[in-house]
Number of protein chains: 2
Amino acid sequence: MSEITIKFLAEKLNLASSTVSRALNDSHEISDKTKKRVLDLAKSLNFQPNANARSLREQKSKTIGVIVPDRVNNFFNLVIEGLESVCREEGYSLIVYNSYEDVEQEKKIIYSLLGGKVDAVVISLADEEKEVQHLEWLREKNIPILFFDRVARHVSGLKYTTNDLESAYLATKHLLDKGCKKVAFLGLSNTSSVGKARQDGFIKAHIEHGLVYDKNLLIGFGHDDIENQKVLEKLFYKINRPDGVLAAAEKLGIATLRALHNLRIKIPEQVRIVSFTNMQFADLLSPALSTIAQPAFELGSTCAKELIRGLKSKNINLFEEKKIELPSKFTIRDSSK
Amino acid sequence: MSEITIKFLAEKLNLASSTVSRALNDSHEISDKTKKRVLDLAKSLNFQPNANARSLREQKSKTIGVIVPDRVNNFFNLVIEGLESVCREEGYSLIVYNSYEDVEQEKKIIYSLLGGKVDAVVISLADEEKEVQHLEWLREKNIPILFFDRVARHVSGLKYTTNDLESAYLATKHLLDKGCKKVAFLGLSNTSSVGKARQDGFIKAHIEHGLVYDKNLLIGFGHDDIENQKVLEKLFYKINRPDGVLAAAEKLGIATLRALHNLRIKIPEQVRIVSFTNMQFADLLSPALSTIAQPAFELGSTCAKELIRGLKSKNINLFEEKKIELPSKFTIRDSSK
DNA sequence: AAAAAAATCGGAAACGATTGCACAATATTG
DNA sequence: CAATATTGTGCAATCGTTTCCGATTTTTTT
């Protein structure tokens with residue numbers, strides 16, 4: 001592509017390419033005079049050292065791979081935003097991949113990352129139980145893996161999560177306090193520590209209230225929005241329908257709203273709703289939706305900070321097990337009042 | 001990082017590294033027998049050729065740089081999703097950058113891309129008038145630039161836009177037909193062809209209706225959401241406030257909704273609203289919001305297809321001026337009925 | 001069966017940057 | 001002023017692939 005290289009600059013200035021390289025990297029062993037000569041010419045030619053050559057030599061690419069199950073989701077979006085805000089400052093680039101909630105896709109992506117394309121991987125798993133073999137691949141190649149939200153159970157490493165159990169507990173308690181007698185828990189049916197924790201919080205609140213929860217009201221959903229909505233409409237069409245809902249995923253909260261709208265069921269009079277979500281417009285929905293918002297941006301930024309700290313210093317071991325939990329924010333609005 | 005290289009494989013198999021390389025790339029000049037020997041060993045070791053070495057040698061990175069003014073925005077998000085859907089199939093990676101609506105940031109990003117990090121750049125400009133010098137840098141380095149939505153006026157290239165003038169015209173006509181007498185046009189005040197086209201459509205509808213639009217109702221906004229909302233509340237607090245709004249950006253539509261809610265102004269009885277937006281929950285807002293949704297995903301996917309076609313064949317010139325316009329979708333909901 | 005063609009593979013030079021080592025020129029010290 | 005330390009620069013190897021040229025062997029053709 002670009003004809004202009006360090007060697008080219010060196011010839012122009014009657015210097016060795018090593019000298020030019022050192023000058024560009026502000027090495028102490030180059031005189032200020034030649035440094036300036038080099039910098040001036042480089043600037044005037046918009047010279048940028050070849051990234052691939054540098055990466056090859058340095059054995060690091062200064063880019064980080066990010067894998068999320070659903071890129072369009074607000075939560076993951078904000079995490080990525082948080083990651084990028086820190087990485088940009090530190091000169092790292094992000095390559096974001098979407099696994100589409102599919103472990104096979106995830107495997108393919110990771111396999112493609114085994115050739116030194118990225119210095120580390122930040123991932124929220126598509127499914128936590130199915131397989132972890134592809135995570136071992138990264139291990140073998142000595143590429144650090146950091147987890148967030150949907151973290152790996154049987155692989156050690158840095159893990160960033162939120163206080164899901166507590167949040168779900170608080171929300172459920174809130175619904176029960178408001179007088180709900182039949183609260184449904186809507187979760188995604190993939191095996192995830194997040195879903196499990198939220199369900200545990202849900203159950204804990206029931207126990208504390210001296211209630212037995214109906215196991216039929218712990219409902220698992222797939223990723224087909226249309227299908228999910230049908231299931232929900234069926235659920236709420238019943239005579240003994242739930243009078244409260246804790247949606248453990250944004251898409252489920254939305255689907256519930258749509259279902260209830262279609263059935264002309266009044267919120268919160270007939271059914272109260274609280275949903276996990278990071279959408280920015282929850283206060284503008286009809287009715288304003290009570291939400292549990294995860295600290296997505298902070299999750300991303302703190303994760304990136306530790307990651308880069310680790311990549312820079314040889315003292316920090318990014319493979320060591322370490323769990324960080326950040327608190328979500330529970331906001332009560334009209335949908336559960 | 002990874003000790004295992006082509007040379008390593010070659011030694012293990014008593015072959016030359018050139019042979020191994022060819023075998024991995026399925027060259028016709030390698031016998032099926034040795035091909036299989038190589039592939040088998042490579043697979044069993046999870047071998048993936050070093051991406052940086054390959055990129056250096058091939059002089060192409062198989063990654064594409066994407067620059068958007070606002071990554072969290074639904075529209076840009078969906079465009080990225082569309083880009084990725086195609087690029088993934090073709091083995092290309094995406095590095096996404098956020099210019100935060102700031103030309104200076106944009107310049108920095110582009111400068112950092114001058115070293116062969118990406119094979120091409122897909123961009124929606126932060127501001128179309130301010131400067132184009134940094135776009136010329138890419139030219140000099142022979143890196144193709146494709147534009148979408150906010151395209152460059154004075155730089156030739158592939159440009160993907162939507163039918164903004166027509167969409168705005170239709171929406172405005174709809175508002176006027178509904179009886180609105182004072183419709184406000186809310187736009188972002190950066191100089192963009194998009195904003196200009198939407199404003200032109202707005203004006204065109206007025207002219208066709210035999211109305212003169214009030215120039216004071218062509219209102220430009222910045223990027224501070226709080227500030228914008230204040231301006232809007234002031235606007236609608238007036239006695240002779242507008243009775244219709246065409247918001248040319250998602251954030252402005254949202255801010256308008258919030259402002260009207262705060263002022264207890266009824267929608268659509270007192271003020272009708274139509275907003276450009278790609279949010280997925282417009283039907284769940286209170287009231288359901290009339291929207292003009294750009295074909296974001298298609299924009300991204302068609303752009304990526306043409307880009308990759310161009311990168312592959314030497315016949316297609318990606319620097320040639322070529323405009324593609326895709327139609328948006330206007331959906332009337334309660335907010336303007 | 002000799003000649004030509006094709007099929008397989010190896011050697012070595014790139015791609016562009018970084019860096020350990022060597023060496024010269026200058027500055028500092030005894 | 002000689003000996004040593006410091007400073008500034010050049011040489012050459014290296015990172016891991018790909019590919020141009022040959023070289024050798026095998027197959028096909030005349």
Side-chain angles (χ1 to χ4, degrees), chain A residues 1-39 41-42 45-62 91 112-119 141-143, chain B residues 1-39 42 45-62 91 112-119 141-142:
Chain A
M1 286 296 151
S2 172
E3 342 268 74
I4 146 173
T5 68
I6 279 198
K7 199 198 284 183
F8 177 84
L9 294 184
E11 283 168 8
K12 275 272 182 206
L13 294 169
N14 260 357
L15 290 173
S17 52
S18 54
T19 306
V20 175
S21 170
R22 277 185 265 251
L24 288 171
N25 291 324
D26 201 30
S27 162
H28 66 277
E29 43 184 346
I30 301 294
S31 72
D32 290 346
K33 201 167 56 177
T34 49
K35 253 184 205 172
K36 203 183 164 193
R37 287 213 305 147
V38 172
L39 267 311
L41 182 61
L45 292 175
N46 281 325
F47 171 74
Q48 181 75 248
N50 186 286
N52 299 122
R54 172 180 283 175
S55 294
L56 174 58
R57 174 60 215 239
E58 301 272 289
Q59 295 289 66
K60 52 185 153 184
S61 59
K62 293 216 90 182
S112 79
L113 260 35
L114 259 28
K117 213 180 170 64
V118 296
D119 296 340
K141 306 283 176 182
N142 222 34
I143 300 173
Chain B
M1 286 298 151
S2 172
E3 343 267 74
I4 147 174
T5 69
I6 280 196
K7 198 198 283 182
F8 177 84
L9 294 184
E11 283 168 9
K12 276 272 181 204
L13 295 169
N14 260 356
L15 291 172
S17 51
S18 54
T19 305
V20 175
S21 170
R22 277 186 268 251
L24 290 171
N25 292 323
D26 200 29
S27 162
H28 66 276
E29 42 184 342
I30 301 295
S31 72
D32 289 346
K33 199 168 57 178
T34 49
K35 255 185 206 173
K36 202 182 165 193
R37 286 214 304 147
V38 172
L39 267 311
L45 293 175
N46 281 325
F47 172 73
Q48 181 79 327
N50 185 285
N52 299 123
R54 172 180 282 174
S55 295
L56 174 59
R57 174 60 214 235
E58 300 272 288
Q59 295 289 65
K60 51 184 155 184
S61 59
K62 295 215 89 184
S112 80
L113 259 36
L114 259 28
K117 212 178 170 64
V118 297
D119 295 342
K141 305 283 176 182
N142 223 35

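Letters A, B, ... are given to chains in the order of the sequence lines, protein chains preceding strands, and every chain is numbered from 1.
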**OP:** Record whether the side chain of B/Glu29 comes under 3.5 Å of the base of C/dC9 through a donor-acceptor pair of N or O atoms.
**Re:** yes
Original post:
Residues from residues 10-26 of chain A sitting under 4.0 Å of DNA chain D, heavy atoms only?
Top reply: A/Asn14, A/Leu15, A/Ala16, A/Ser18, A/Thr19, A/Arg22
**OP:** To the nearest Å, give me how far apart CG (A/Leu45) and P (C/dG16) are.
**Re:** 15 Å
Original post:
For DNA chain C, whose closest nucleotide is more 5', that of B/His28 or that of B/Ala53?
Top reply: B/His28
Subject >> Length of the CD-P vector between B/Glu3 and D/dG16, whole Å >> reply: 9 Å
**OP:** Round to a whole Å and report the spacing from CZ of A/Arg57 to C1' of D/dA12.
**Re:** 11 Å
Original post:
Who are the salt bridge (charged side-chain N to carboxylate O under 4.0 Å, His left out) partners of B/Lys117, not counting sequence neighbours?
Top reply: none
Original post:
A/Ile30 CD1 to C/dT19 C1': how many Å, rounded?
Top reply: 12 Å
Original post:
Below 4.0 angstrom, N of the basic side chain to O of the carboxylate: do A/Lys62 and A/Asp119 qualify?
Top reply: no
Original post:
Side chains of B/Thr5 and B/Asn50: closer than 4.5 Å at any heavy-atom pair?
Top reply: no
**OP:** Could you state the atom-to-atom distance from NZ of A/Lys60 to C1' of D/dG16 in whole Å?
**Re:** 18 Å
Subject >> Nucleotide D/dT19, atom C1' - distance to CD of B/Glu58 in whole Å >> reply: 9 Å
Original post:
Which part of the nucleic acid, if any, lies within contact of A/Thr34, taking any heavy atom under 4.0 Å across all strands shown: a base, the sugar-phosphate backbone alone, or nothing?
Top reply: sugar-phosphate
Original post:
Once you round to the nearest 0.5 Å, how far does OG1 of B/Thr34 lie from CG of B/Leu39?
Top reply: 10.0 Å
Subject >> Rounded distance in Å - CD (A/Gln48) to C1' (C/dA17) >> reply: 13 Å
Original post:
Between OG of B/Ser21 and CG of B/Leu9, what distance do you get to the nearest 0.5 Å?
Top reply: 11.0 Å
**OP:** Looking at every strand, decide which applies to B/Ile6 at a 4.0 Å heavy-atom threshold: base, sugar-phosphate, or nothing.
**Re:** sugar-phosphate
Original post:
So what does A/Phe8 hit on the nucleic acid, given a heavy-atom distance under 4.0 Å: a base, only sugar-phosphate, or nothing?
Top reply: nothing
**OP:** Return no unless some side-chain N or O of B/Gln59 is found under 4.0 Å from OP1 or OP2 of C/dG16.
**Re:** yes
**OP:** Please tell me if the side chains of A/Leu45 and A/Phe8 come closer than 4.5 Å, counting only heavy atoms from C-beta onward.
**Re:** yes
Original post:
Is B/Lys141 close to A/Ile4 at the side-chain level, that is, under 4.5 Å between some pair of heavy atoms?
Top reply: yes
**OP:** May I ask you to verify if any side-chain N or O of A/Arg54 is less than 4.0 angstrom from the OP1 or OP2 atom of C/dT18?
**Re:** yes
Subject >> Per B/Asn50 side chain, nearest of listed nucleotides D/dG8, D/dT17, D/dT18 >> reply: D/dT17
Original post:
What is the distance, rounded to the nearest whole Å, between atom NZ of B/Lys62 and atom C1' of D/dT18?
Top reply: 15 Å
